[in-house]
Visitor: 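Got a structure for you, questions after.
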Amino acid sequence: MLGPILRGWGDFGPLVIRLALGAVFIGHGAQKLFGVWGGPGLQGVTGMLASMGFQPPYLWALALSLVEFVGGVLVFVGLFTRYAALALAVDMAVALLRVHWGSFFLPSGMEFALMLFAAAVSLALTGGRALSIDRAARRD
């Protein structure tokens with residue numbers, strides 16, 4: 001019954017995912033990079049990654065923070081969407097395996113990270129679609 005009503009609106013599905021996923025990663029990346037909204041900042045992320053065995057921890061903290069913040073901005077506006085979404089999917093795959101594995105439900109479980117991973121993979125597969133810079137530049 002909804003098919004005829006929504007026909008032609010399929011390109012807007014990725015837009016909804018892009019805006020939500022981009023906003024989440026912009027926020028989390030800003031927490032890591034700048035220490036805003038109660039975030040740990042680069043120093044805190046460096047310490048966390050060092051305790052998990054990532055070497056050199058500052059380099060990984062900077063990479064993680066930039067992927068989340070810049071990747072979030074790129075996904076949000078739909079610029080290089082597939083590449084940014086792939087980077088965010090890798091980020092979430094590492095988080096799932098190294099941080100959240102072993103428990104499903106929040107606060108420490110993997111349910112939120114799993115949804116972020118799935119949304120990022122979805123955008124890597126579809127591209128930015130409607131109202132994206134990629135579409136305007138005919139890269140989608």
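Heavy-atom basis, side chains included; hydrogens, waters and symmetry copies ignored.
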Visitor: Assess the residue pair Leu79 and Asp134 against the criterion (side chain to side chain contact (heavy atoms under 4.5 Å, CB included)); give the C-alpha distance rounded to whole Å, side-chain angles, the decisive distance to 0.1 Å, and a yes or no.
Guide: CA-CA 5 Å; Leu79 178 61; Asp134 289 335; 4.2 Å; yes
Visitor: Would you mind listing every side chain to side chain donor-acceptor pair (under 3.5 Å) that reaches into residues 10-21, with sequence neighbours excluded?
Guide: Asp11-Arg129, Asp11-Arg135
Visitor: Could you tabulate the donor-acceptor pairs under 3.5 Å formed by side-chain atoms of residues 84-106, not counting sequence neighbours?
Guide:
unit_1: Arg98; atom_1: NH2; unit_2: Met52; atom_2: O; d: 2.6
unit_1: His100; atom_1: ND1; unit_2: Ser108; atom_2: O; d: 3.3
unit_1: His100; atom_1: ND1; unit_2: Gly109; atom_2: O; d: 3.2

Visitor: Side-chain heavy atoms under 4.5 angstrom apart, residues restricted to Ile, Leu, Val, Met, Phe, Trp, Tyr: same cluster for Phe80 and Val73?
Guide: yes
Visitor: Say whether Phe112 and Val121 are linked into one hydrophobic cluster, either directly or through other cluster members, by side-chain heavy-atom distances under 4.5 angstrom.
Guide: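 Yes, Phe112 connects to Val121 through the hydrophobic network.
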Visitor: According to side-chain contact (heavy atoms from CB on, under 4.5 Å), who are the partners of Ile5, at least two apart in sequence or on a separate chain?
Guide: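 Leu2.
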Visitor: Which pairs pass salt bridge (charged side-chain N to carboxylate O under 4.0 Å, His left out) with one or both residues in residues 50-59, sequence neighbours excluded?
Guide: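 Listed once each, the pairs would be none.
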Visitor: Using 0.5 Å steps for rounding, measure from the OG1 atom of Thr81 to the CG atom of Leu21.
Guide: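 Result: 10.5 Å between the selected atoms.
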Visitor: Sub-3.5 Å donor-acceptor pair from the side chain of Ser51 to the main-chain atoms of Met48, do we have one?
Guide: yes
Visitor: Is there a path from Val67 to Val24 through hydrophobic residues (I, L, V, M, F, W, Y) whose side chains come within less than 4.5 Å of each other?
Guide: yes
Visitor: Are Ile17 and Leu15 grouped together when hydrophobic residues (ILVMFWY) are joined by side-chain heavy atoms under 4.5 angstrom apart?
Guide: no
Visitor: What are the two closest non-hydrogen atoms of Ala61 and Val45, and how far apart are they?
Guide: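 In this case the closest contact between Ala61 and Val45 is CB-CG1, 3.6 Å.
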Visitor: Hey, could you give me each pair passing salt bridge (charged side-chain N to carboxylate O under 4.0 Å, His left out) that has a residue in residues 29-52? Not counting sequence neighbours.
Guide: Lys32-Glu68
Visitor: Heavy-atom count around Gln43 CD within 6.0 Å, excluding the residue itself: above 12?
Guide: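 No, because the 6.0 Å sphere around CD of Gln43 holds 12 heavy atoms or fewer from other groups.
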Visitor: Any salt bridge (charged side-chain N to carboxylate O under 4.0 Å, His left out) pairs touching residues 35-64, not counting sequence neighbours?
Guide: none
Visitor: Can a donor-acceptor pair be found, under 3.5 Å and without considering hydrogens, that links the side chain of Thr46 to the backbone of Leu42?
Guide: yes
Visitor: In terms of hydrophobic clusters joined by side-chain contacts under 4.5 Å, are Leu131 and Leu6 together?
Guide: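 Different hydrophobic clusters.
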Visitor: How would you list all residue pairs meeting ring-ring contact (aromatic ring centres under 6.0 Å, His included) that involve residues 1-37, not counting sequence neighbours?
Guide: Trp9-Phe12, Phe34-Phe69
Visitor: Looking at Leu125, is its backbone amide N or carbonyl O close enough to the side chain of Arg82 to form a donor-acceptor pair, meaning the two atoms are under 3.5 Å apart?
Guide: yes
Visitor: How many angstroms lie between atom CG of Leu33 and atom CD1 of Ile26, to the nearest 0.5 angstrom?
Guide: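 Taking CG in Leu33 and CD1 in Ile26, the distance rounds to 12.0 Å.
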